[in-house]
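Quick caveat, the model's predicted, so the values are computed rather than measured. Values reported hereafter were calculated over all heavy atoms of this structure, with side chains retained and with hydrogens, waters and symmetry mates removed. Throughout, a chain's letter reflects where its sequence line sits, starting with A, and its residues are numbered from 1.
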Amino acid sequence: MAGDDPQADKTKPVMLILVGAPGSGKTTFCNDVMSADRRPWVRICQDTIANGKAGTKQQCLKSAAEALKDDKSVFIDRCNLEQEQRADFVKLGRTQADVHAMVLNLPARLCISRSVKRTGHEGNLQGGKAAAVVNRMMQKKELPKLSEGFCRITFCLNEKDVKEAVDAYIALGPSDSLPSGIFGQKSEDAKVQLGIMKFLKKVEIPKNVPPNENSQVSAAKRESKGDVSCSMELEKGCNKNGTAEDEFCGKSVVGDCSRDDFHTLAFPSISTSDFQFNHEKASDIITEVVADFLNKVDNVRLILVDLSHKSRILSLVRAKAAKKHIDSNKFLTHVGDITRLHTEGGLHCNVIANAANWRLKPGGGGVNAAIFKAAGEALEIATKQHAETLSPGNSVVIPLPSNSPLHQREGVTHVIHVLGPNMNPQRPNCLNNDYVQGGKVLRDAYTSLFENFASISRSKLNQKIQKESNRKSSTGYSDNRCDLAKDTTCDHTSENVQKAKREISHEYEKNKKCKGLPSGFDSKDELMEHDCVGSSIRSKSSSFSAKHDDNRNESSVPTSMLEEKVHTHQKISEESKRSWGSWAQALHQIAMHPEKHKDVILEMSDEFVVLNDLYPKARKHLLVLSRASGLDTLADARREHLPLLKAMHSAGLKLAEKLYTDDAFMMFRLGYHSVPSLQQLHLHVISQDFDSPHLKNKKHWNSFTTAFFRDSADVIEEIEKSGRATLNDDEKLLLMELRCHRCKSAHPNIPRLKSHIANCKTSFPSSLIQNGRLVFASMKAAA
DNA sequence: GTTCTAGAAC
DNA sequence: GTTCTAGAAC
């Protein structure tokens, strides 16, 4: 079995892929190492592979595979300057070998002069032609990265470096291995190497290699027995302990994290440091919550980070994660500085968690101080914009502005502040050894953290999906649509449209006959056409009628937004399709005759149109209006409408992204009113600032902030499961007391509420964070 | 959906 | 006296 046979460990071969222009000395390098004859090496050279003549890449791959099968180490002696040229070799090698790169990044001048001088070169690249070829190749050069699947990369910039590298590989006996990481880069890259060396500090200088002043290329031998204190992912990258981990070689976190479709959260252990939470108990909770989360969510990776090799929490978690068979591709531990995961650890973690304090202030030492320091003022400002305090068991996402050093240097796009329970009597709110409560709070903290992370990840994935769907559907769009994806000024455009609409509206408001003007209802003709005087009668009761099944299970009604469960006794309605007042048909008219409303339509497809809400209840408030005939409200939606609902949802997400403005970390919700006032199914895409003069009364507020508002994601899920959406259509919902949608505080009237929400920075309730209900619109800044 | 306004609340 | 709500009309 994997890892059981120490002999097998000893013979694990190396695939060394040389990277360098003609004349850089690749062949010489191979010959020098092979001359020492300390392990069986085979040199695969494309220039000679076909019976001494130039062959194909396939032939090289075949020969390499055969050599590896015989447990021989191989040199891939071809230029390999571009990633694509190396990829197949890496793929082949990493299943059975440690894949290294040797970059002979010598000055082009030197390579050219060697090429020009040489005679009888295998590749027949001689004379004056060489200069042009070398120059061209150098231009296309892509230096190898760990993320390609290498577990070790050595850069040689001059002949001295080459000599040292040769010595390192000469010293590599059959049972030796070289440490993982990047070696030999100068200037800023030196840090990379340092970091790697730091967390691989158990390396030893191998026998037969004299100590070298350039430790970067000094060969080192890793302890062959499980070096638990080493960073797991890199350790695994080249571990010799068996095939299960061999699988992992070259497929390190580094590689996967850098892929667009993979999102990685690095997080410190919460509460186990200064807050003195019992490590044994904490490790149980971490593994439990992690396992649960990873069962639910794909395309994400979690990395628990601690500074010390001696970290007890890391070893406990590692052991428990292994016991629980948590996928080691998705959950890893790492020893290192969470603020230098990329530069020192070679890891790409787009999201990091911070063990914050309740005031969300910098300082205090530990991870919190380090992250605030590394992220600079940008994080402080962004944090203040988002939340002022945090309660234990909660977390809050802060999109990290692109001017933050942590963003620029480490590629971190979001910091999630988390607050766990405090067990330290020296600190505020100590739980006095109450591990029942403490355990709950810690579990909540991790759950909140991971859910927040997932919502970021979802947004990113949605972007991708939308890009695809845009490509597919763009041909179906009308000519007059405003392509938000292309036009960054479109925001203004749509506002202009709206402004124009308001002006039109204003004109008609002068006409006492038509006081109200529904959203998007614009031309005079249209108004007249639809009988402003009112041909149909709408009673109060009919405005709340809905043709949905009243017998649904009330227990399934989500009440997360409510302080108390509201019953539906006051529901009026039911039996027949409601009648719509003339003013209530405006959206319907637009949907049925979009060609007559080109001036308000921002975007159009066969399935829906997008327009600004004429009376926006927030800074950004748009409608994605279904064009399906007969689909008046959410109550009418059935399984057959799922493709439409999903397309509308996707359009809504796209809008949320495009509507991002620099001065606000805008968050959106996408959803439907349980009982809409206007005919024709329409999805609200509304920013959560609710900063608008049009938000005037209790009904406005409650229709967007109570369970009356049905999140699109939930609606889709419910229809998928049960064939219809749950409607929370109790009138009481709209008459409820006015409560802040963030901190849930109650306010006596709308003006007071509005002045409160203008300043409330409390993080959004976790119920909104779940299931992607809250959409982050600042991804553009983060990208 | 909005507007208007009487009268309640402060 | 002023602010705010809620019902009615559209």
Taking the inter-plane angle between the rings of A:Phe709 and A:His684 on a 0 to 90° scale, is it parallel (under 30°), tilted (30 to 60°) or perpendicular (over 60°)?
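Geometry flag for A:His684 against A:Phe709: tilted rings.
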Are there any protein N/O atoms within less than 3.5 Å of an N/O atom in nucleotides 1-5 of chain C, and if so, which ones and at what distance?
unit_1, atom_1, unit_2, atom_2, d
C:dT5, OP1, A:Ile750, N, 2.9

Taking side-chain contact (heavy atoms from CB on, under 4.5 Å) as the test, write out the residues that go with A:Ser703, two or more places apart.
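side-chain contact (heavy atoms from CB on, under 4.5 Å) check on A:Ser703 returns A:His673, A:Phe708, A:Leu734.
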Answer with base, sugar-phosphate or nothing: what part of the nucleic acid does A:His682 contact at a heavy-atom distance below 4.0 Å?
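The answer is nothing, as A:His682 stays clear of every strand by at least 4.0 Å.
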Geometric cation-pi criterion A:Arg627 and A:Phe608, 6.0 Å radius, 45° cone
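Geometry flag: not set, cation outside 6.0 Å or 45°.
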Step by step, would you call A:Glu603 with A:Lys654 a salt bridge (charged side-chain N to carboxylate O under 4.0 Å, His left out)?
CA-CA 12 Å; A:Glu603 196 177 308; A:Lys654 190 181 106 186; 3.3 Å; yes
Can you tell me which residue among A:Lys617, A:His741, A:Lys696 is in a side-chain contact (heavy atoms from CB on, under 4.5 Å) with A:Trp701?
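Of all the options given, the one that passes is A:His741.
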